[in-house]
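The next block holds one structure in the form of structure tokens; read it before the comments.
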Amino acid sequence: MNDLSLTIRSEAVGDAQAIERLHERTFGPGRFVLSAYRIREHVDHVLDLSFTARVGTLLVGSVRQLPICVGDTPALLLGPLTVEPPFRSRGVGRLLLERALKDAKAQGHRLVLLVGDEPYYSRVGFKQVPKGRVTMPGPVDYSRLLVIELVESAFEGVSGPVGPDWSKTRT
């Protein structure tokens with residue numbers, strides 16, 4: 001990672017404000033109308049599957065994962081993944097992504113979905129969801145709906161609407 005001393009660690013409750021400011025700077029106010037945010041309104045991300053990247057004490061990146069279902073199949077929704085602009089193209093996003101997927105697999109998760117750029121995410125194994133197989137609430141560009149199987153053939157036969165895992169919703 002060049003000359004930066006980068007630390008990736010599990011997100012802590014105290015990181016929330018700094019991460020929200022990072023999201024404001026990188027995604028702007030329009031982020032709240034996106035499909036993934038519709039799902040995030042109902043269920044919290046999983047802290048021990050969400051990570052921050054720091055250079056010293058400076059937060060430079062973040063990735064979150066939250067519990068969802070695709071039809072009746074449990075899965076995770078990855079995102080947002082964001083890195084401060086001066087730290088982009090230095091591997092920070094990829095390190096966050098790799099850590100998130102590694103820990104999700106270690107905890108027994110089988111599938112991860114996200115809405116993002118296939119050329120970027122395909123480098124770690126994400127593939128486009130076949131057209132018409134999965135639906136999401138609100139507006140979504142289905143060519144950007146991607147999935148990775150953390151267990152071989154985990155996406156086989158899976159279809160339906162994406163929604164929060166209602167067993168893990170906020171009370």
To the nearest 0.5 Å, what is the distance between CG (L150) and CG (L101)? 6.0 Å
Measure the OG1-CG distance between T52 and L59 for me, rounded to the nearest 0.5 Å. 6.0 Å
Note: G160 and V70 closest approach over all heavy atoms is O-CG1, 4.0 Å
Testing the 3.5 Å rule here: is there a donor-acceptor pair between the side chains of H45 and E11? yes
Could you walk me through whether V158 and L111 pass the side-chain contact (heavy atoms from CB on, under 4.5 Å) test, one step at a time? CA-CA 10 Å; V158 175; L111 287 173; 4.3 Å; yes
Indicate yes or no: does E98 engage R94 in a salt bridge with an N to O separation below 4.0 Å. yes
Can you tell if the side chain of V55 reaches within under 4.5 Å of the side chain of L6, non-hydrogen atoms only? yes
Which heavy-atom pair separates R99 from S10 by the least distance, and what is that distance? NH2-OG, 4.3 Å
Evaluate the side-chain contact (heavy atoms from CB on, under 4.5 Å) criterion for residues L81 and R64: first the C-alpha distance (whole Å), next the side-chain angles of each, then the deciding distance (0.1 Å), finally the verdict. CA-CA 7 Å; L81 167 65; R64 288 179 164 170; over 6 Å; no
I would like to know whether L66 and D44 meet side-chain contact (heavy atoms from CB on, under 4.5 Å); could you show each step before the answer? CA-CA 6 Å; L66 63 143; D44 288 322; over 6 Å; no
Could you tell me which non-hydrogen atom of A104 sits nearest to which non-hydrogen atom of L76, and how far apart they are? CB-CD1, 3.6 Å
Work out which heavy atom in V151 is nearest to a heavy atom in H109; give both atom names and the distance. CG2-O, 4.3 Å
So which heavy atom on Q65 is nearest to which on A100, and how close? NE2-O, 3.1 Å
Mind listing the closest non-hydrogen atom pair of L96 and A53 along with its distance? CD2-N, 3.9 Å
Could you check whether any side-chain N or O of D15 sits under 3.5 Å from a backbone N or O of A12, counting only pairs where one atom can act as donor and the other as acceptor? yes
Would you please test V112 and V147 for side-chain contact (heavy atoms from CB on, under 4.5 Å) and show each step? CA-CA 6 Å; V112 179; V147 64; over 6 Å; no
Between the OG atom in S62 and the CG atom in L22, the distance rounded to the nearest 0.5 Å is 6.5 Å
Between atom CZ of R90 and atom CD of E84, what is the distance when rounded to the nearest 0.5 Å? 12.5 Å
I need the D103 CG to I8 CD1 distance, nearest 0.5 Å. 11.0 Å
Show which residues join L47 in its hydrophobic cluster (side-chain heavy-atom contacts under 4.5 Å, direct or indirect), or state none. V13
Would you find a donor on one side and an acceptor on the other, under 3.5 Å apart, between the side chain of T73 and the backbone of C69? no
Set of ring-ring contact (aromatic ring centres under 6.0 Å, His included) partners for F51, sequence neighbours left out: none
Within 45° of the axis and under 6.0 Å from the centre of the six-membered ring of Y142, does NZ or CZ of R133 qualify? no
Report, one line per pair, each donor and acceptor closer than 3.5 Å where one atom sits in a side chain of residues 121-130; sequence neighbours left out.
residue : atom : partner : partner atom : Å
S122    : OG   : E118    : O            : 2.9
S122    : OG   : P119    : O            : 3.4
R123    : NE   : Y120    : O            : 3.1

Within a reach of under 6.0 Å around CG of D72, are more than 12 heavy atoms found that belong to other residues, nucleotides or ligands? no
Taking L78 as the fixed residue, which of I148, L146, V115, L97 is the one that meets the side chain to side chain contact (heavy atoms under 4.5 Å, CB included) rule? L97
Side chains of V63 and S50: does their closest heavy-atom pair fall under 4.5 Å? no
